[in-house]
Amino acid sequence: MIFSEVTIQDLVKEYYGQTVTAKALNGYDELNFLLWNDKNQKFILKVSNESHPLPFLEAQIAIIQHLKNSSISNCFQHFSINKHGEELTKIVRNSKIYYIRILNFLEGTFWVDEKEKSSELHHDLGSFLGKMDHALQDFSHPAMHRRYNWDISRANEANDNLKHIHNHEKRRIAGYFLLQFDTEVSPQIHRLRHAYIHNDANDYNVLVQNNHISGLIDFGDMVYTALINNLAIACTYAMLDEKDPLAVAVSIVHGYHQSNKLTEQEVDLLYYLIAARLCISVTQSAYNASLDSNNEHHFITEKPAWDLLFKLIQINPIKAQDAFRRTCGFAGVIDTNGYNDLLEARKKKIGRNLSIGYKDKLKIVKGALQYLYDDKGRTFVDCVNNPSHVGHCHPVVVRKMQKQIATLNTNTRYLNDAITDYAERLTATLPSKLSVCYFVNSGSEANDLAIRMSRHFTKQKDIIVLDHAYHGTSTVAMEMSPYKFDSKGGSGKMPWIHKAINPDLYRGPFKYGDTHAGEKYAADVQRIIDELKKENKAPAVFICETLLGVGGQIPLPENYLKTVYEYVRASGGVCIADEVQVGFGRIGDHFWGFELQDVVPDIVVLGKPIGNGHPLAAVVVTEEIADAFNNGLEYFNTFGGNPVSMVTGLAVLDVIQDEEMQQHALEVGQHLMNGLKELMLKHPIISDVRGHGLFIGAEMVKDRTTMEPAIPEIDIVVEKMKANGYLLSTDGPLHNVLKIKPPMPFNKQNADEMVKLLEIALSEL
């Protein structure tokens, strides 16, 4: 070792004329030694190599010399002077240049070791930083104008290291916050005040004594950047391991503002700057791990940083913005008034029968994976928005959409690689028989086209559907949706529509435990075929969701589709699998719902999750049906198959595969089902729990014998869950089934909390 403890003692004697004892300390990127003399005075000696340029070391001296004139000068280390009257001592060893500097020792406890931190201490930290930044407002040094990856203003560079985070959930959350940095911060940060800042008031650099800040050490991270970054960094590290991290940050911000006034624009970005600092930290740790680093300083805050990111995504950014604004005396951003004006405007300008959920209306303004944020500062776990399949604002999907829409979006009359690439990727997930794609804009449009193709292929018109089924909002889709045409205001059943009995193992005539229930329910389809035959007709098509959605969140009985498909095909009809709600790995066991039934449909209809909420849908058919449909009449769809939609679809498939979402749905779904079944044992009002993966229904009844639907009890439960931050909905012919179809990032912690809150809600009924 070039610089042993004995060597350091000799160097101090030679260059500083002092006799000391030296002890090596742990260091991040410099060598550090504790020195003490015969008077028991303590000092810190630092050795810097050529990776620390001389101008930057000189800048560290200059900034500390500048702070000597401040009211908090005793909180900073000061330099010992060598025999030549210099703060820096140049040493040459093995033809390499090193610089030695000696600083006085500051007493105090490191912030990280302070067990109980009061709000007064948090406030004092902010006040101290404000005083420091105020004292530095007339300081400058050219060496601090540098490109530095720990500068929050450059947080978008952390995207390069996301690939080193192997945990899917962690990578997704870091990617989300870096996306928000690019969206919310990057367009504005150049307009903010810039300054020469310490840039690293972390929990190992801040010293505490008697509930006050006694020191700030290590200026090695200092940089010229946005002034607010200095406060953001301090907040970040002070928030680690805290039960209420936002309250901690608010105290720090209040203290800072009292010492050095902030602007509204600065505090408005603070939430995202804190998140960005955490993202820099965790991505840097992941990068260091990829290099097999064994330096403990590379990972020292990794776990608490991840814990805080998981907490931060559950804090509504509007709540944080409002709290930061109000603690500084600015106007808040949360309007506590109701939505009367908005509702009135909606009533005048929007179709009257476009419904709005919940008794107390929600105005959702932002989404984050499985979370939704409203304008009142509340955070909700989304348990029903299955179109946002891979999560609200999933960073991979959003970035690929952004890039494509900034490049090209046009119709399909031009050659484009994206449409064929996506068709190949999509059909690769399906049985080989299903090989030709037609792209449209919604599940309704897809079902409409599928029926048109089926009728053309079979030369028949009649359609067999399940009772209570729903297939969309187009004219044809409404005609084949008993959920709509049998309801209030519905047009009634058209003569060419035929309803088969709902294969419901809970409420239907054939129950759980009947090993032949599937075949028995399928017999009703054969009955319809036989009746059509008496009229010299045959069905054009049988269409069925592969797990029933509005029919009650019902998995189909074993062998149901296999038997029905045999009957329909024997009569010359086509079999359509409606995967609009359940496809793309949601059910966990398989990628597609029809695979649960061990069948291959003639046509598959896809929608909702296919584009993660982007208006995209598809009809996938056999070669035979596609050839028949190509009869000379052009099929054209202005927006169907456009480049942006195709890139979006590809991104969704990438995310499902790369983040192993099907397996996640299987594990989390089973975990949630087990929790709900335990609730069912305690609360008789829950009479049936059913589903696959993250497609789950829980039926509620007043009495398990009579099976009377528990209305209005279920509506009360849904409202109670909403009040506690979980968005559920009801479904089923009797509107008594809890519908649970969350975005796929929904995790076991969400599931446990949901079950816990559901138990409380049921106990309060």
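As the structure is a prediction and not an experimental result, all values here were calculated from the model.
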Inset, instruction - Using the side-chain contact (heavy atoms from CB on, under 4.5 Å) rule, pick out the option among Arg172, Met401, His389, Met744 that qualifies with His394. - result: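 Only one of Arg172, Met401, His389, Met744 forms a side-chain contact (heavy atoms from CB on, under 4.5 Å) with His394, namely Arg172.
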Could you pull out all residues at least two apart from [X] that satisfy ring pair (Phe, Tyr, Trp, His ring centres under 6.0 Å)?
X	answer
Phe310	none
Tyr422	Phe439
Tyr521	Phe510

Inset, instruction - Look at the side chain of Lys319 and the backbone N and O of Tyr373, then say whether any donor-acceptor pair between them is shorter than 3.5 Å. - result: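 Side chain of Lys319 to backbone of Tyr373: no pair is present.
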List in chain and number order the residues that pass salt bridge (charged side-chain N to carboxylate O under 4.0 Å, His left out) with [X], two or more places apart in sequence or in another chain; answer none if no residue qualifies.
X	result
Glu759	Lys682
Lys720	Glu764
Lys400	Asp654

Legend entry - NZ/Lys756: more than 12 non-hydrogen atoms of other groups inside 6.0 Å: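 Counting other residues, nucleotides and ligands, NZ of Lys756 stays at 12 neighbours or fewer.
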Residues forming a side-chain contact (heavy atoms from CB on, under 4.5 Å) with [X], sequence neighbours excluded:
X	answer
Asp524	Ala500, Ile501, Arg527
Ala450	Ile576, Ile603, Val605, Val619
Leu681	none
Leu666	Asp589, Gln663

Legend entry - Test item: side-chain donor near acceptor, Asn385 and His392, under 3.5 Å: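 Side chains of Asn385 and His392: no pair found under 3.5 Å.
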Inset, instruction - Scan for ring pair (Phe, Tyr, Trp, His ring centres under 6.0 Å) pairs involving residues 476-496, sequence neighbours excluded, and state none if there are none. - result: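 Every pair satisfying ring pair (Phe, Tyr, Trp, His ring centres under 6.0 Å) with a residue in residues 476-496: Tyr470-Tyr483.
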Show me the side-chain donor-acceptor pairs of residues 728-742 shorter than 3.5 Å, one per line, residues at least two apart or across chains.
unit_1 : atom_1 : unit_2 : atom_2 : d
Asn736 : ND2    : Glu699 : OE2    : 3.2
Asn736 : ND2    : Met700 : O      : 2.9
Lys741 : NZ     : Gln581 : OE1    : 2.4

